[in-house]
Amino acid sequence: MVLPARVRVTRPPLPLAPALRSAALRLCPGAPVDDLLAAALAIAGGSVIGAHLRWVGGEVQKVETGWRGRGIEEELSRAVGEKT
């Protein structure tokens with residue numbers, strides 16, 4: 001699937017840098033961001049607009065409302081599922 005032109009999905013190194021950690025917590029409050037096994041973030045215009053986080057015993061995905069249904073969810077799932 002082709003993402004919107006301004007969106008890119010990245011798999012940042014863990015632990016997340018402070019700015020990415022804050023963005024992940026904004027999208028996924030309560031997620032144990034200090035204990036992640038994998039993370040994929042969708043970025044548009046310099047802002048994190050989506051996150052897929054995985055930890056032992058759970059995972060969560062959230063995409064900002066205006067960006068849903070454009071293939072971002074699928075790309076986040078694919079990216080977080082890749083082996084490092």
| query | Between the side chain of Arg26 and the main-chain N/O of Val48, is any donor-acceptor distance below 3.5 Å? | reply | yes

Can you check whether [X] reaches [Y] side chain to side chain, under 4.5 Å on heavy atoms?
X: Val9; Y: Leu41; value: no
X: Gln61; Y: Arg54; value: no
X: Val60; Y: Trp55; value: yes

Do [X] and [Y] share a hydrophobic cluster (ILVMFWY, side-chain heavy atoms under 4.5 Å, transitive)?
X: Leu3; Y: Ile49; result: yes
X: Leu14; Y: Leu20; result: yes
X: Leu25; Y: Ile43; result: yes

| task | Rounded to the nearest 0.5 Å, what's the gap from SG on Cys28 to CG on Leu36? Could you check? | result | 9.5 Å

How close do [X] and [Y] get, heavy atom to heavy atom, and via which atoms?
X: Val80; Y: Ala40; value: N-CB, 4.0 Å
X: His52; Y: Leu76; value: CB-CB, 3.9 Å
X: Ala24; Y: Leu53; value: CB-CD1, 4.2 Å
X: Ala42; Y: Ile72; value: CB-CG2, 3.6 Å
X: Arg11; Y: Ala38; value: NH2-CB, 3.2 Å

| request: Evaluate the criterion salt bridge (Lys or Arg N to Asp or Glu O under 4.0 Å) for residue pair Lys62 and Glu73; output intermediate values, then yes/no. | output: CA-CA 8 Å; Lys62 176 77 179 198; Glu73 296 91 337; over 6 Å; no

| task | Tell me, yes or no, whether the heavy-atom count around Arg8 atom CZ, taken from other residues, nucleotides or ligands under 6.0 Å, exceeds 12. | result | no

